[in-house]
Each structure stands twice: as structure tokens, then as C-alpha cells.
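Bear in mind the structure is a predicted one, so any value in this text is a computation, not a measurement. Only this structure's heavy atoms are used, side chains among them; waters, hydrogens and symmetry mates stay out. Whatever order the structure lists them in is the order used to number ligands and atoms, beginning at 1.
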Amino acid sequence: MTRIAIIGGGPAGYEAALVAAQHGADVTLIDRDGIGGACVLWDCVPSKTFIASTGVRTDLRRARDLGITLDPSQAGVQLPEVNARVKALALAQSSDIRSKLQSAGVTVLSGCAQLAENGGGRAPHRVLVKLDAGRERERTIEAEVVLIATGASPRVLPGAEPDGERILNWRQLYDLRELPETLVVVGSGVTGAEFVSAYTELGVRVKLVSSRDRVLPHEDADAALVLEEALAERGVELVKHARADAVERTAEGIVVKLSDGRTVAGTHALMTVGSTPNTEDLGLEEAGVELDRGGYLRVDRVSRTSVSGIYAAGDCTGLLPLASVAAMQGRIAMYHALGEGVSPIRLKTVASAVFTRPEIATVGVSQNAIDNGEVPARTVMLPLNTNPRAKMSSLRRGFVKIFCRPATGVVIGGVVVAPIASELILPIALAVQNNLTVNDLAQTFSVYPSLTGSVTEAARLLMRHDDLD
Ligand SMILES: Cc1cc2nc3c(=O)[nH]c(=O)nc-3n(C[C@H](O)[C@H](O)[C@H](O)COP(=O)(O)OP(=O)(O)OC[C@H]3O[C@@H](n4cnc5c(N)ncnc54)[C@H](O)[C@@H]3O)c2cc1C
Ligand SMILES: NC(=O)c1ccc[n+]([C@@H]2O[C@H](COP(=O)([O-])OP(=O)(O)OC[C@H]3O[C@@H](n4cnc5c(N)ncnc54)[C@H](O)[C@@H]3O)[C@@H](O)[C@H]2O)c1
């Protein structure tokens with residue numbers, strides 16, 4: 001029976017463990033902070049749960065447009081209750097995953113693990129675990145296969161170290177007892193944008209410090225523009241071309257010092273300046289495992305590191321820091337290690353979403369790659385304000401974009417900006433994954449009236465005239 005040791009219990013680690021156990025391996029999974037990893041306990045799941053609460057306020061804000069008047073005092077935010085719900089839901093999900101692993105036969109250990117010296121040659125790898133509890137303090141596990149799935153941690157900007165009171169990282173937000181009066185968010189990537197949108201919905205005055213000329217510099221530019229307009233309308237102050245050098249405490253709260261001499265004041269600062277991989281103190285150098293720039297583990301498309309039998313998956317590899325990609329990398333590693341048929345990971349079919357209001361969802365090639373001439377494509381952008389369902393719900397913003405191959409009409413990408421874009425992207429993702437054409441999409445019945453009607457309509461606009469004859 002193949003022995004497998006997995007370091008890290010986030011989506012990369014636990015999905016890998018489930019697959020390996022299903023295929024008859026003897027699996028030990030070690031995690032130091034809690035099963036589900038940062039994804040379930042601090043990052044993805046808590047932020048989306050928090051955003052679900054703020055979404056109620058979004059709907060209330062829009063109710064007036066639909067002829068419903070509400071007493072604003074009835075829409076108060078009980079922050080301790082919101083935060084308690086976030087934490088309870090994260091812990092419950094962590095516990096569900098632990099039970100699932102245990103019933104699949106996975107040995108779950110709580111503790112900190114690192115690679116230990118092995119006997120060399122064909123001897124199995126050895127993993128040293130410093131256990132959290134119990135009489136046994138250390139255990140050495142021998143395994144033919146090791147998967148490193150240790151994730152990443154919030155990057156700390158020197159001079160702006162979080163203190164958990166006024167200068168916060170996103171993992172410390174759920175300990176606040178009261179809403180900040182003025183929140184300065186530093187960093188306009190996906191994490192920053194999601195919290196700006198969420199806190200604005202809760203009535204907090206928000207300022208966003210962006211090192212670029214816009215919010216979401218890595219996302220579709222048209223989508224980012226729509227979001228920027230929506231945030232500006234809600235009073236968000238966007239400070240552009242602004243690189244934070246330091247954040248200092250003041251009598252009133254904090255002040256963010258920018259590299260060009262400007263300052264931005266608030267009561268609290270939220271640092272969303274990216275993450276760094278958890279690859280220190282793992283014994284990687286001694287084991288000969290190579291790292292890339294920034295300390296990420298170098299892997300190929302079946303998750304192999306530079307050392308035979310040692311695989312890596314998830315945010316510690318820096319491939320694409322998404323829970324879905326982490327899980328897929330973990331599964332692929334196990335299929336490969338156990339000799340099962342496996343296809344290398346394909347990032348071109350990954351669907352992802354930014355959970356702002358409106359949401360932004362994307363899949364496949366980007367508009368940028370098309371505009372740069374890297375990918376030849378025919379494109380369409382259909383505003384949602386022509387969609388009957390959108391009009392009924394008084395939606396003013398948003399669009400559907402579809403990109404297809406010029407000659408064949410095969411769908412290669414798309415963008416949706418809408419309140420539930422994370423759900424609406426699926427038909428386009430399905431088309432991209434399965435090489436479907438715009439004709440296939442256009443000929444699919446969508447419900448009338450529905451927002452997905454804009455997906456089929458956009459596809460119809462991309463059908464060539466000779467197809468329509
Ligand atoms: C604010 C935020 C929101 C996000 N929202 C989304 C989203 O909506 N959708 C999405 O797809 N992705 C989202 N992501 C990204 C997603 O959270 C990550 O891609 C995902 O967590 C990666 O999973 P992982 O298994 O690689 O690592 P993690 O989830 O980080 O888990 C790694 C685990 O390994 C443990 N560990 C580390 N070192 C050791 C050691 N030496 N011994 C034992 N255990 C160790 C850690 O404690 C941790 O528990 C979000 C990220 C952030 C920051
Ligand atoms: N909904 C989701 O799926 C979701 C949500 C959050 C994060 N994520 C994943 O996590 C990844 C990382 O996102 P992120 O937003 O945490 O990090 P990021 O690295 O994408 O963005 C950080 C931003 O901070 C800026 N920055 C860095 N130093 C700065 C400084 N001194 N002053 C001002 N700005 C500064 C950077 O220029 C960058 O734009 C995403 O690419 C995504 O894959 C996904």
C-alpha cells in the first residue's frame with residue numbers, strides 16, 4: 001500500500017487526501033492551524049460569509065427603486081453577530097471536512113510538519129511532526145509520497161505591521177467589535193476590492209489606496225471600470241498611483257504615508273497587499289526541493305517538485321491562488337503519484353469571480369490577450385440594461401462578454417458583470433471546457449426572462465451571418 005504524507009489541510013491537502021484514500025493509499029494529513037486550512041478558517045469562506053451579510057444591505061439599498069420603502073433604522077448592523085456567524089460557519093465547515101477525512105480512513109494529525117533527512121537512494125521520505133497535543137510530542141512518518149500543501153500568509157509591509165486593533169490584515173477583521181468609522185484599504189487587488197465593496201455596503205466610509213490607476217489591475221478593464229463607477233457612487237474615495245510606504249497610529253486612528261509624500265487618514269487601515277508562501281522551515285533546502293522567485297515551490301503541470309516523490313499543490317506553488325485550482329493540483333498530484341491516468345492542469349478553463357457588488361466573473365482567455373494580438377478572436381460585449389430580467393430588478397450596470405475563435409466560433413472565454421456573475425459564468429465555462437461553439441450556446445434554450453438570456457443572446461450576436469441564413 002502506498003504511504004502518503006500530506007503537509008497542510010487546506011483545499012489542496014484535503015482534496016488530495018480524499019482522492020488518495022479513495023484509491024487505497026495509506027494517507028496521513030498533518031495541519032498546524034485547522035482542517036480546511038486558511039481557505040476555510042480565515043480567507044475564502046469567512047470573507048464570502050461576511051459578504052453574504054453585507055448583500056442584505058445591498059438589496060435593501062435597491063429596494064426603493066422597486067417601490068419598497070424601508071425604515072433605515074430597521075437595517076442596523078449587529079457586527080458581533082455578523083462576526084460570530086462568520087466564525088461559527090468556518091468552524092462548522094472545518095469540522096465537516098475533518099469528519100469526511102476520518103470516515104475516508106485518513107489519519108489526521110494536528111501539528112507542525114517538516115521534511116526530515118531520509119536514508120538517501122530509494123529509501124522512503126521522512127516527515128517530522130511536532131504534535132500539538134497528547135503525550136507523544138513528535139512523530140516521524142515514512143512515506144513513498146509527500147505532498148506539500150502549506151498555503152500562504154498575508155504579506156506584511158515593513159512599517160505597516162498589523163497590530164490587530166487599528167492596523168489590520170483581513171484575518172483580523174472578524175474580531176472587530178464595532179464598525180470602523182473610516183476604513184483605509186491598502187491594495188486594490190481582489191481581496192482589497194471585495195472588502196471595499198463589503199464595508200461600503202455596511203455604511204462605512206472607505207478610502208482605497210491603489211498603486212495603479214485603477215481598481216483590480218489584473219482583471220478585465222471594462223469590468224473594473226463598472227466596479228469603480230459603482231464604488232464611486234457609494235462614496236468610496238479611490239486614491240490612485242499611490243504606493244503605501246508606512247501606516248502609523250495617530251490619536252484619531254491611523255495615517256497611511258504614501259511614497260510621493262501624500263497621506264491618507266482614517267480610523268482603521270486594512271492591509272491587502274498580497275500574500276507570501278508558507279515555505280520556510282519545511283526543510284526544503286536540505287531535501288533539495290527547488291524554490292522559484294518569491295519562495296514559491298516550483299512544480300510542473302502534474303504538481304511534481306524537483307525531487308522525485310515530493311509533490312506540491314495550492315498557494316505555496318503560486319500557480320493561480322484559487323481554492324478550485326489548489327484542489328485540482330492536489331488531486332492531480334495524487335493521481336500521478338498513484339499511477340492513475342491524469343491530464344496536466346489547464347489554467348485556461350479556470351472560472352473565477354470577484355465577490356463585489358456587482359460581481360465580476362471570468363473564464364478563459366482575457367480581453368487583454370485578444371487586444372494585444374496574442375489570441376485571435378471575435379468578441380462581443382452585451383450590456384445587461386437591455387435584458388428584461390435586469391430591467392425588472394432595476395439593474396443598471398453589468399454586461400456579458402463572449403470571445404470565440406474567428407473561423408470555428410469555438411468559445412474561448414468570457415466575462416460576466418452582474419449581481420450573481422459567479423453563478424452566471426457557468427454556461428460560458430462549460431462551453432470553454434468542452435470546446436462548444438457560439439452556435440451551441442445560441443441554440444440552447446435559456447429561461448425567459450433571465451439574466452442567462454444575455455449569454456445566449458451574446459452568443460447569437462457572434463454567429464456569423466452565413467450561420468444565420
Ligand atoms: C481574502 C481571501 C478570499 C479568498 N476568496 C476566494 C474565493 O472566493 N474563491 C477561491 O477560489 N479562492 C479564494 N481565495 C484563495 C484561496 O483561499 C486559496 O487559494 C486557498 O486557500 C489555497 O488553498 P491551499 O490548500 O493551498 O492552502 P491553505 O488554505 O492556506 O491551507 C494550508 C494549510 O497548511 C497549513 N500549514 C502550513 N505550514 C504547515 C506545516 N509546516 N505543518 C502543518 N501544516 C501547515 C496552514 O496552517 C493551513 O492550514 C481567497 C483568498 C483570500 C486571501
Ligand atoms: N474571490 C476570489 O476568488 C478571491 C478573493 C481574494 C483573493 N483571491 C486570490 O488571491 C489572489 C491574491 O489577491 P490579493 O488581492 O490578496 O493580492 P494581489 O497580490 O493580487 O493584490 C495586492 C495588491 O496590492 C498592491 N500593493 C502591494 N504593495 C502595495 C503598497 N505598498 N501600496 C499600495 N498597494 C500595494 C499590489 O500592487 C496589488 O495590486 C488573487 O489573485 C486571487 O487568486 C481570490
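- In terms of polar-atom proximity, defined here as any N/O pair under 3.5 Å, D43 makes no such contact with ligand 1.
- T379 and Q367 share no donor-acceptor pair across their side chains, judged by distance under 3.5 Å alone.
- Distance from atom 25 (O) of ligand 1 to its nearest protein heavy atom, with residue and atom name: A12 N, 3.0 Å.
- Distances shorter than 4.0 angstrom occur between a heavy atom of F355 and an atom of ligand 1.
- The minimum heavy-atom distance linking P154 with T276 is given by the pair O-OG1, 4.5 Å.
- In terms of the salt bridge (charged side-chain N to carboxylate O under 4.0 Å, His left out) criterion, R32 has no residue partners (sequence neighbours excluded).
- Geometrically, ligand 1 and D315 share a nitrogen or oxygen pair separated by less than 3.5 Å.
- Close N/O approach between G314 and ligand 1 is not found [any backbone or side-chain N/O within under 3.5 Å].
- Those atoms of ligand 1 with a heavy atom of C112 less than 4.0 angstrom away are 41 (N), 42 (N).
- Under the side-chain contact (heavy atoms from CB on, under 4.5 Å) rule, L168 has a single partner from T272, I254, L176, which is L176.
- When heavy-atom distances to ligand 2 are checked against 4.0 Å, the residues falling inside are K48, R155, L157, V186, G187, G189, V190, T191, E194, S211, P217, A242, R243, A244, T272, V273, G274, P321, L322, A353, F355, ordered by chain and number.
- The protein atom (non-hydrogen) at minimum distance from atom 4 (C) of ligand 1 is C44 CA, 3.5 Å.
- Nearest residue to atom 37 (C) of ligand 1 from V40, T150, T317, T272 is T150 (criterion: closest heavy atom).
- With hydrogens and angles left out, the side-chain atoms of S422 and E359 include a donor and acceptor closer than 3.5 Å.
- D163 pairs by the side chain to side chain donor-acceptor pair (under 3.5 Å) definition with R249, not counting sequence neighbours.
- Residue D31 touches ligand 1 through backbone and side chain together, judged by heavy-atom distances below 4.0 Å.
- In this structure, the protein non-hydrogen atom closest to atom 42 (N) of ligand 1 is A113 N, 2.9 Å.
- Between E144 and T2, the side chains place no donor N or O within less than 3.5 Å of an acceptor N or O (distance only, hydrogens not considered).
- Using modelled atom types and a 3.5 Å distance limit, the side chains of S188 and S210 yield a donor-acceptor pair.
- Atoms of ligand 1 lying under 4.0 Å from at least one heavy atom of I7, given by number and element, are 40 (C), 42 (N), 43 (C).
- In K48, the NZ atom is crowded: over 12 heavy atoms of neighbouring residues, nucleotides or ligands sit closer than 6.0 Å.
- Taking all heavy atoms of S94, G13, G8, A149 into account, the minimum distance to atom 32 (C) of ligand 1 is reached by A149.
- The I30 neighbourhood of ligand 1 comprises atoms 43 (C), 44 (N), with distances under 4.0 Å to a heavy atom of that residue.
- With a 4.5 Å cut-off on side-chain heavy atoms, Y199 and F50 count as touching.
- Heavy-atom separations between G111 and ligand 1 include at least one value shorter than 4.0 Å.
- Scanning the protein heavy atoms around atom 12 (N) of ligand 1, the nearest turns out to be A323 N, 3.2 Å.
- Heavy atoms of other residues, nucleotides or ligands lying less than 6.0 angstrom from CD of Q102 number more than 12.
- The distance criterion of under 3.5 Å between nitrogen or oxygen atoms is met by K48 with respect to ligand 1.
- The protein heavy atom nearest to atom 29 (O) of ligand 1 is C39 N, 3.0 Å.
- Side-chain contact between S303 and H336: absent, with no pair of heavy atoms (C-beta onward) separated by less than 4.5 Å.
- No side-chain heavy atom of E181 sits less than 4.5 Å from a side-chain heavy atom of V204.
- Applying the salt bridge (charged side-chain N to carboxylate O under 4.0 Å, His left out) rule to E233 yields the partners R396, R397; only residues at least two apart in sequence or on another chain are considered.
- When non-hydrogen atoms are compared, ligand 1 lies under 4.0 Å from the side chain of A326 (C-beta onward) but not from its backbone.
- Protein heavy atom in closest approach to atom 24 (P) of ligand 1: P11 CD, 3.9 Å.
- Taking each heavy atom of L384 and S454 in turn, the nearest pair found is CD2-OG, 3.6 Å.
- At a 4.0 Å heavy-atom cut-off, ligand 1 touches L282 through the side chain alone.
- Around CD of E138, the count of heavy atoms belonging to other residues, nucleotides or ligands within 6.0 Å exceeds 12.
- When side chains are defined from C-beta on, Q114 does not count as touching D281, because their heavy atoms never get closer than 4.5 Å.
- Atom 3 (C) of ligand 1 has its nearest heavy-atom neighbour, among P46, G192, S47, in S47.
- Side chain to side chain, S259 and D245 fail the donor-acceptor criterion of an N or O pair below 3.5 Å.
- Side-chain contact between F403 and V411: absent, with no pair of heavy atoms (C-beta onward) separated by less than 4.5 Å.
- Among protein heavy atoms, atom 28 (P) of ligand 1 sits closest to A38 N, 3.7 Å.
- Between C316 and ligand 1, no N or O atom pair is found at a separation short of 3.5 Å.
- Which parts of ligand 1 touch G37 is read off a 4.0 Å heavy-atom cut-off, strictly below it: atoms 29 (O), 31 (O), 48 (C), 49 (O).
- Looking at R32 next to ligand 1, an N or O pair under 3.5 Å apart turns up.
- Listed by number with element, the atoms of ligand 1 under 4.0 Å from a non-hydrogen atom of D33 are 46 (C), 47 (O).
- Nearest protein heavy-atom neighbour of atom 15 (C) of ligand 1: P321 O, 3.5 Å.
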